[in-house]
Amino acid sequence: MHQAKGSSRTYLEQTHFVVKSTPMAFALHLLGTPKLVWDSGVLHLERKTGAVLAFLALEGQTQKYKLSGWLWADSGETTARNNMRQLLRRLRLAAGDVIEGDDRIHLHSDVTVDVQGLSGLQNPSLELLKQEAELLEGQEFDDAPDFEEWLFGAREEFRALRSRSAQIEAERLEKIGLLAQALEFALFRVKLEPLSEEAYRQVARLQYLLGERGAARVTLERCQSMLQEELGIEPLPETLELLGLIERGAVLAGTPQSKETVLPTAILRPPVLAGREREWALMEEAWQRGQIIYLEGEPGVGKSRLALDFANSKGKVFHFQARPGDAGIPFATQARAVREMIAQEPQILEQIPKWAIRELARLLPELSSEDSLPPLASENEKLR
């Protein structure tokens, strides 16, 4: 740490801090590069400080040491708690009482958050929806798997929120006759959900109502090709019906809304390959050769994201994950893996011999119909 002579400015970990003693109005920016802004300064947040503030902004009050266990998963409890205390201390020195509380912490009431404005969208502007910045953009947490899972879900919720808001606004504008403006929102929705038939139908309908019959036909033909190439399926009857009406030049009545097919998260969230094209190509080559693939790199660079995106591109995936606490519990990782397999494929139990299920119940007691199983008496029984 270095204190500049004759100045109140403190430098810590290459981050610019201004020491404050009283709370004031702060603006917390979590979309894009996370930062904290107030009338006299800007604090660019390091990775785990941004993580803490993002969690509190979206989840509200939480137990301080639960969050420390998530963020320092590979550390012991004492080290994780100390790291959290040091993080909060540095933040308090830099910006004052942005976070309040002791065992349970929460954001100060004077902190406003950009994502809160998105969460209550009513008649949104296209400019607001087109903010393509991601929550904690560019930051990955493969060294903190529980937090990474939470962040993945939060990012998905915001993507779905923007898509739904674009759909509703397009419908509202169509009802009041502003078809060109409605089409802009519908086109943006397709950009957010490139595998949504309903989104393509909305675009084609508006194009047709605007007199762009050829464009509407091309939109639905593009939708049909996309479904066949990406998913190997045919369009829904509603899509084919709309295409037929457009080709005949018929007058459109209100097209009934259909329930969309629920697609896997991995399909709705196509992999982002910015800066990873070479790694993806090497993985693809190894996959074609039937080789085992290992990824290595510094914590937080996105290894887990890349591995899961690649695996999901190949079909159904079982994601087995060891955790730091497993070291003290025999077979904890294996038991979690088997439970995951059974949860996704319950019929697998019908294909396993009864003696094998009986032995498996030593790891998963819920599979046993007996009160207790006899102890393993020999090395051969252990191997079995």
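For the atom pair CG (D114) and CG (L30), the distance works out to 5.5 Å, reported to the nearest 0.5 Å. Rounded to the nearest 0.5 angstrom, L206 CG and E212 CD are separated by 9.5 Å. To the nearest 0.5 Å, atoms OH (Y294) and CD1 (I292) are separated by 5.0 Å. Of the inter-residue distances, the one linking E171 atom CD with R205 atom CZ reads 10.0 Å to the nearest 0.5 angstrom. Atom OH of Y208 is separated from atom CG of L243 by 11.5 Å, given to the nearest 0.5 angstrom. Distance check: L252 CG to I246 CD1 gives 6.5 Å after rounding to the nearest 0.5 Å.
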Atom pairs and distances, side-chain donor-acceptor, residues 77-88, under 3.5 Å, sequence neighbours left out:
residue, atom, partner, partner atom, Å
E77, OE2, R81, NE, 3.3
E77, OE2, R81, NH2, 3.1
N83, ND2, T79, O, 3.4
R85, NH1, Y65, OH, 3.1

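The salt bridge (Lys or Arg N to Asp or Glu O under 4.0 Å) analysis of residues 56-69, with sequence neighbours excluded, yields the pairs K64-D102.
Within the 4.5 Å cutoff, side-chain heavy atoms of Y200 are placed close to those of M226. Under the 4.5 Å side-chain criterion, counting only non-hydrogen atoms from C-beta, L58 is in contact with F158. Counting heavy atoms from C-beta on, the side chains of H29 and L45 never come closer than 4.5 Å. A heavy-atom distance below 4.5 Å is found between the side chains of L227 and E197. Put simply, the side chain of R172 reaches to within 4.5 Å of the side chain of E169, judged on heavy atoms. Between T49 and E46, the closest side-chain pair of non-hydrogen atoms falls below 4.5 Å. When side chains are defined from C-beta on, M341 counts as touching I348, because their heavy atoms get closer than 4.5 Å. A heavy-atom distance below 4.5 Å is not found between the side chains of V111 and L56.
Checking E284, E285, Q291 one by one against Q288, the side-chain hydrogen bond (donor to acceptor under 3.5 Å, both in side chains) holds for a single residue, E284.
The heavy-atom pair separating A54 from L136 by the smallest distance is CB-CD1, 4.0 Å. The two residues A154 and L135 have their closest heavy-atom pair at CB-CD2, 3.7 Å. In plain terms, the two heavy atoms of I293 and F310 that are nearest each other are CD1-CE2, 4.0 Å. Taking both residues in full, the closest heavy atoms of L71 and K48 are given as O-NZ, 2.7 Å, listed atom of the first, atom of the second, then distance.
A donor atom on one side chain and an acceptor atom on the other are not found under 3.5 Å apart for E198 and Q202. A side-chain N or O of E234 and one of Q228 form a donor-acceptor pair less than 3.5 Å apart. If you check the side chains of Q351 and Q347, you find no donor sitting under 3.5 Å from an acceptor. For the residue pair Q224/T239, the side-chain donor-acceptor check at 3.5 Å is not satisfied. In this structure, a donor-acceptor pair under 3.5 Å is present between the side chains of R104 and Q61.
The side chain to side chain donor-acceptor pair (under 3.5 Å) test applied to E247 returns no partner, not counting sequence neighbours.
Taking the ring axis of F141 as reference, the NZ or CZ atom of R47 stays within 45° of it and closer than 6.0 Å to the ring centre.
Criterion: ILVMFWY side-chain heavy atoms under 4.5 Å apart, direct or through other members. Under it, L209 and L220 are part of a common hydrophobic cluster.
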